[in-house]
S.K.: 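One structure is given below, represented as structure tokens, and several questions about it will come after.
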Amino acid sequence: MTDENPVVLELRGITKRFGPLVANEAIDLVMRKGEILALLGENGAGKTTLMNILFGHYVADEGGVFVADGAGALQPLPPGSPRAALDAGIGMVHQHFALAENLTVLDNITLGTEPLFRLSRANSAARAKLAGLMQRSGLKIDLDAQVSQLSVGERQRIEILKALYRDARILVLDEPTAVLTPQESDGLFETLRSLAAHGLSVVFISHKLHEVVSGSDRVAVLRGGRKVAEIPTRGSDKAQLAELMVGRAVSRSKREPRAPGAPVLILADVSVGGANIRQRLENVSMTVREGEIVGIAGVSGNGQAALANLLSGLVTPSAGTLSLGGKVMSLCDPQEFVAAGVGRIPEDRHHEGAVGSMTIAENIALETIRSRRFQRFGFLKFGAIRARAEEAIKAYDIRCPGPDAPIRQLSGGNMQKAILARALDDAPRLILANQPTRGLDVGAVAEVHRRLLLARERGAAIVLITEDLDELFELSDRVAVMFRSRLTDSFASADLDLKTLGLMMAGHDNEAA
Amino acid sequence: MASVFDILLTVSFWAAAVRIATPLIFGVLGALLCEKSGVLNLGIEGIMTVGAMSGWLAVYAGADLWTGVVVAAFMGALFGLLLSFFTVTLGLSQHVSGLGVTMLATSAAYFTYRVILPNVDTPPRIVPFQPLDIPVLSSIPFLGPVLFQQTALTLLAFVLVGVLAWFLAKTPLGLAVRAVGENPSAVEAQGLNVLWLRTGAVVAGSAIMAIGGAFLTMSAFDAFFFEMVAGRGWICIALTVFASWKPGKALFAAILFGAFDAFQVRLQQVVGAFLPSQIFLMIPYILSIVALVVWSRRASYPKALMIPYVRGQR
């Protein structure tokens, strides 16, 4: 962990362009044996691109990758070949795991490790080697389990084992904690720490400051495709790193104490049928009152999507009742819900939030297109639609060529602002914010937070579904956890600590914790 | 009514079922191999036609029967290569490319036939594969005549079921093919070449389909007719789903369909006086659809089926 350790990897002057976008610009990076390097940066800073170049998924436009050979001399790595990267001892754990779900753990690990044209596979030798690896690394997993039946944490273990099985000396992890509970994350960093102690060099990509500070030896900060800093982790702090990452000090909105008003949304023992826990809800009860934000935490895929669909009017409960502002909604229909005063910020803005090829003005008017405001005798009032968009563009500071530009041309943050304008401007009584800041940069995140808090101030009831725990604690008055299609009771966020929340996300009762 | 069920107990009925099933077995195995790698091969109908035409033509021109089979497989592989260029290399729509290959291959087969034999009314005949009489095995009661008095191509189809099952389950290459149809990114991350794997699977699968076509002209009949493949390729696509992409089940599915077909022919003779013959012709297809609906709802299809893989795409 000192500078005397031999260099195992060097990136020299890496530049990569995607059309007019410069994803990486003249980046130099050095890795030493046995150290853990964090690659910190906002979304779009070029972290993943850089690692994909290292692993051969992309070819750099300029610059090269050099890896130490057996004797310790740096050799250039042939670009654009994952095979060459694997052979040189580089293993990569992708953010979206590269596993074939129909195969067993063993199949996934040995895939591509033996010559293809053989009559049988050397499975017993593989099992023996893996048993030794699992013993040493502490990564335990059933080799004969089918991947489709394993949890996200287990799948990540397979990915790490895959790299170790190929005798990786350098392990790259892309946003490794994005899908893990806090406890699983802690476990992961313990594992990485012990692997590094055995001489493995680890690079992990992150935009979460706390894990960078606690989990790395050295931090390289990327911003706008350039490396803006490279500092030892010891002696740095979160505020300093945040400023390096964003390039300026970030002001955060603060949630002022406020007494909630009358109940707006009441779910009483609501169940929704579905093929799997993702789509199902079981006996969910919840009350959201005026002027309060209820945060829904949980590892993704535990029924949050079903809850969001329910509150958008996309599904009808199979049991229980949903009442909005005192009125029981028996027939669920998105139009009815909009009319009843529900503003929706969908999870996937490209897929569910906007119609990419339609204009900004059309997208903003879309949810209320049947109202008198936008149509008369079945004909659209283009003037009114355009005027509405122009107001929104001004009020929400949407950076765009104009109201007639296709919405897909906007950056994620600006598209989200347009959706905020649509969802929030008619003063909805209930706001569903589903992952409202996913994939946004820090500036846009601050703007979304400010808008949600303004709506709360105004007296809106807000359901915030989020996987970002910092966001959860910052915005929520109360927090409930989804686990396996069920929702826990809610707790005042001030009374909840991260450890308890993590246990609840992993399915332990609050009492047991 | 008793006579209807008596049909099911006769040796000749089951022998016919296996014979009718043979081209379907080849077709389903070929489609299955393509789809396991993530490519839906809708070129199958045309590729079977090309196989039927080219195998027969080779024998008609003087080659021996097995050379004819090899020629059919080679021509099938060639059209498979064309399809994989569109669907794998260029990543185009598998539906459009497949239908295009079917039209091209069918027309090319008919065109070649007409150019070589411009003025024939009765299609010229060849001497086809003859039924074998395998010693010992063929004297097993019932099963012997049903399974072991068929032609060599039928036995080849049975052997191929085992070979393909073993290939997919046991060999490193088979593992890679299964993985590339499920998650090509995983295959690339393990250092294998997605494009080569898929191209190889499509070419090999197409060769197998073409042998199924060749069975029609070189074993079931002894000449080439227009429209003789008659939708068997499309049936194979449906049977592949019915078989849940498993070679063993594919054999079962093909024989089941063969049995339906053989059954309707015999049923016509029993109750044909009262009903139009078209009703009977529909039976195998209707029963296939019913079987598909009942059995295949929960089939776990290859996840990357019909999704082109483009390297380095953001």
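Letters A, B, ... are given to chains in the order of the sequence lines, protein chains preceding strands, and every chain is numbered from 1.
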S.K.: At a 4.5 Å cut-off on heavy atoms, which part of A/Phe55 comes close to chain B: side chain, backbone, both, or neither?
M.R.: side chain
S.K.: Using non-hydrogen atoms only, which part of B/Val187 is less than 4.5 Å away from chain A: side chain, backbone, both, or neither?
M.R.: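 When you check distances to chain A, atoms from both the backbone and side chain of B/Val187 fall under 4.5 Å.
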S.K.: Where does B/Ala169 contact chain A at under 4.5 Å (heavy atoms): side chain, backbone, both or neither?
M.R.: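 The backbone, not the side chain.
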S.K.: Would you say the side-chain atoms of A/Thr48 and A/Asp174 include a donor-acceptor pair closer than 3.5 Å?
M.R.: yes
S.K.: Checking A/Leu103 against chain B: side chain, backbone, both or neither under 4.5 Å from a heavy atom?
M.R.: side chain
S.K.: Quick check for you: among A/Asn108, A/Leu86, A/Leu116, which has the greatest number of heavy-atom pairs under 4.5 Å with chain B?
M.R.: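 With the most close heavy-atom pairs to chain B, the winner is A/Leu116.
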S.K.: Tell me, side chain or backbone of A/Leu99 under 4.5 Å from chain B's heavy atoms, or both, or neither?
M.R.: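 Only the backbone of A/Leu99 comes within 4.5 Å of chain B.
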S.K.: If you tally heavy-atom pairs under 4.5 Å against chain A, which of B/Leu175, B/Asn193, B/Thr171 wins?
M.R.: B/Leu175
S.K.: Can you tell me which portion of A/His96 sits under 4.5 Å from chain B's heavy atoms? Options are side chain, backbone, both or neither.
M.R.: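 Neither part.
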S.K.: Look at atom NZ of B/Lys170 and say whether more than 12 heavy atoms of other residues, nucleotides or ligands are closer to it than 6.0 Å.
M.R.: no
S.K.: Would you please say whether a donor-acceptor pair under 3.5 Å links the side chains of B/Asn41 and B/Ser206?
M.R.: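 Note: B/Asn41 and B/Ser206 side chains meet the donor-acceptor criterion.
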S.K.: Heavy-atom pairs under 4.5 Å with chain B are the metric here; pick the option from A/Glu114, A/Met92, A/Arg166 that has the most.
M.R.: A/Arg166
S.K.: Mark yes when over 12 heavy atoms from residues, nucleotides or ligands other than B/Phe158 sit less than 6.0 Å from its CZ; otherwise mark no.
M.R.: yes
S.K.: Please say which of A/Lys162, A/Gln156, A/Arg155 ends up in a side-chain hydrogen bond (donor to acceptor under 3.5 Å, both in side chains) with A/Glu159.
M.R.: A/Lys162
S.K.: Can you tell whether the side chains of A/Glu154 and A/Arg157 come within less than 4.0 Å, N to carboxylate O?
M.R.: no
